[in-house]
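Read the numbers this way: they start at 1 and go in the same order the structure lists the ligands and their atoms.
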Amino acid sequence: MNTSIAHAGIPCRDLPISSKADILSKQKHAKYVYTFGNGKADGDRSMKILLGGKGAGLAEMSALGLPVPPGFTITTQVCTWFTNNVGEYPPNLDVQVTESIAAIEKITATRFGDPLRPLLLSVRSGSRVSMPGMMDTVLNLGLNDRTVQGLASDSEDPRFAYDSYRRFIQMFADVVMGVPHHHFEHILDQHKRARSFHLDTDLSAQDWQQIISQYKIKIHSEAGHDFPQDPRTQLWHSIAAVFRSWSNARAVTYRKLQNIPNDWGTAVNVQAMVFGNMGESSATGVAFTRNPATGDNALYGEYLVNAQGEDVVAGIRTPQQITIAGKVANRSNLPAMEEVMPSMFHELNAIRHTLEEHYSDMQDIEFTIQRGKLYILQTRAGKRTARAALKIACEMVEEGLITEDEAVMRVDPSSLNQLLHPRIDPTAERQVLAEGLAASPGAASGHIVFSADEAERLAQSGEKAILCRTETSPEDIHGMNAAVGIVTSRGGMTSHAAVVARGMGRACVAGASNVNIDYNANIMEVGGKILQEGDIVTIDGGSGEVMLGEVPTIEPELSGDFSRLMGWADKRRKLGVLVNADTPEDCRKALEFGAEGIGLCRTEHMFFEGVRIVAMREMILATNVAERRKALRKVLPMQRDDFAEIFRIMKGRPVTIRLLDPPLHEFLPHTEAEMHVVSAAAGLSLDYVREQVIRLRETNPMLGHRGCRVGITYPEVYEMQTRAILEAGVIIGRETGVNVEVEIMVPFVGVEAELKIVKECIDKVAKEVLVNGEKVHYVVGTMIELPRAALNAGKIAKQAHFFSFGTNDLTQMTFGLSRDDAGSFLPTYEKRGIIEADPFVHLDEEGVGELMQLAVERGRKTRADLKVCVCGEHGGDAKSVIFCHKLGLDCVSCSPYRVPIARLAAAHAALSSGL
Ligand code: PEP
Ligand code: MG
């Protein structure tokens, strides 16, 4: 034990005499201890920073007149002092603690250390935010060889008294003196075995007395000290232990993971003990003021008769339900509190209303019943599922407890993910084989297949397929679409598989590095297990797990609450929310989810389907412009039909179509069979095709012949696409009588001249197509996805009507971090704190974000009405959307299933910034 309760104060050796006196006097008068109890409190709920969540809640409840055992809170400032001054306390703390104990003694008519009516205390941590189970607690403090006798006669239950004493010794020895639990468990087990006892409840007062003697001997031999008998020594050592536990390894790791600053510190709550283990009229439990899973407006929770809080946590006994409804729902045959303790139940139910009205939120409360008297030990906002959050928010508006604005802020945008996809039944058993990145939410079961063609074949025969690939490429699109889920063993959150799966709403686990696929043998090895093609797995794209066999799932239900809350959100947000969609299915889904238009229609998949890929390969391998045009003419009508269908579905809403972006390298034929097909179709010799394939292969395709570079070297490609877009616009204009609005977006621009050349090409085609008064409203803009483009935004804006940040590539290029490979080492970077989060998931605000800010400022300086959007994956990430709002962007665009998240996040941004 190294704790000193001497009050050294801060070092002030080097200060002038008057300053020293000043500081010491301030310290002497500073308030470090806040009392509560008997309907009064020094603090209140606004003082969480100083009193911690638990302390602030106890003060508030006490002032409300709720039955809270009296106590006091030592502030978080003392924790900081204690940590900075090697275990010492500020001056005057002991006086304030002594006065506060006297206040408890007065309320409870007991005395600390009194052999007849001893005051017993609990000492608990309580930081600003909950850190469950991370710090230490000491209960039953104040018991010693004399006071235990007082407790025995006062409670008329010696067995209870000695059991409480041994629990205290065990806890104190572990937390304060560093003597681990297992020594005591061992003594207890030996005693039980010697007496042939099975349960702790078989032990009598004498048994506990004998065990206590053995505990004390063990403590002396292990710690080199006796267990302290003086209650004040016990108290100060316990306070120190709780403060020290703020810095234990568990708590430090937890804070790092949760981004909780180390200098917040914990408060210490010292409170009169109440006992839930004083017989059959005593109990302890946890209750929620509404059901945290469903949101139903009824008390919900569990309790244990004749037990202390630690028994509930230990899980040795099965808890009972508080309500009869809960008992029925949980198919429990144990009696509900509503049945066996009706008056306690009614009192608890009345407190639930008081707390909800006071806090205007669902509360999670801890309670203890001591011989028929109810005490509340804690209240805090209760954690809830997304479904419950929506229901509670909507109903609280109806009940007049909160405003619509507050309701919108009550639902975490990212949590909506839980509602939009099927999910694993939380009660189902599962055998997890592998873990990768949670790349696209949703749960799916199916037969594993290793090729896109096989996935398609299986789907056509009515079976469900899980497509497992080392990584995917645009050629796999048809298989990804046919599969119910996708697993890759390589790749990050913006790898091809992840982006496409999110777009399609397919569940996807990406970068599961312990999955080894052998395409030749048609097997995959995972965690030492060999799976054959056709074996069944279940994947959870929300957690990144791959599981063996079929695990039951639950279908999503978008209730009325969902659309009500989203309606309120839409009224408040300033950012437009568009969708990244390139198939009719995506477009329809996106409209269902509330998208206002298409912010990014990637056209590449339109080149990969069926005969198109052959024509595209003919185009790449052609030896002259005429042959290239001939090949592209085959693709034109198909693209025109694709665009027409999209315009038809979008019914006049704005549509942004991006011209071809991926490296030509990706279109090259790979296999001999593919080369045969192309050579026949193009009338080229097989040898020539082979040579060209080798010649055109790129070492670094992501930085190669892609985006507008293709549009400049092979203008026929963009000409054909522009023609397809505008002719489709004309067709739909005629069909519906409504002019089509289209934004033609040029990818991978780094230099103003690139955009100028491509724009001239687009305008030339438009002149050819839009004759005879045909009207399609088109504008030309660009992606900003290269750092150079962001820096040169002022010049580029001369040619662009709009910008859309391609933050996937912009992140890749700014960090020099491959979006397909970073998944293998980024987790180490996150763990070691080198980066806060995967920058492909949450926008890197201080790097990529600064480039975006520059681009917005410079672009709008040139063109004040420049429309600026974001269409990288960050457009559907709540945190990044809030950042986009702050940057003053006009809109965000994201995959269909993330549209609701973006809508709600945009409303949060508007409401919290007041703009
Ligand atoms: C981007 O780079 O952010 C983007 C939207 O384009 P893609 O993901 O198609 O490269
Ligand atoms: Mg890009």
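The local environment of CD in E760 is crowded, with over 12 non-hydrogen atoms from other residues, nucleotides or ligands closer than 6.0 Å.
Seen from the Mg ion (ligand 2), atom OD2 of D809 and atom OE1 of E785 lie 100° apart in angle, a value rounded to 10°.
Residues P662 and F667 meet the side-chain proximity criterion, which asks for heavy atoms closer than 4.5 Å. Residues Y718 and I762 have side chains not in contact (no heavy-atom distance under 4.5 Å, counting atoms from C-beta outward).
Taking the six-membered ring where the residue is Trp, the centroids of F748 and H705 are separated by 6.0 Å or more.
The 4.0 Å heavy-atom shell around ligand 1 contains residues L600, R602, R658, D661, M783, E785, G806, T807, N808, D809, R819, C871, G872, ordered by chain and number.
Applying the salt bridge (Lys or Arg N to Asp or Glu O under 4.0 Å) test to pairs two or more places apart or on separate chains, those with a residue in residues 702-711 are D661-R706, R706-D809.
Once rounded to the nearest 0.5 Å, the distance linking CZ of F883 with CG of L889 reads 8.5 Å.
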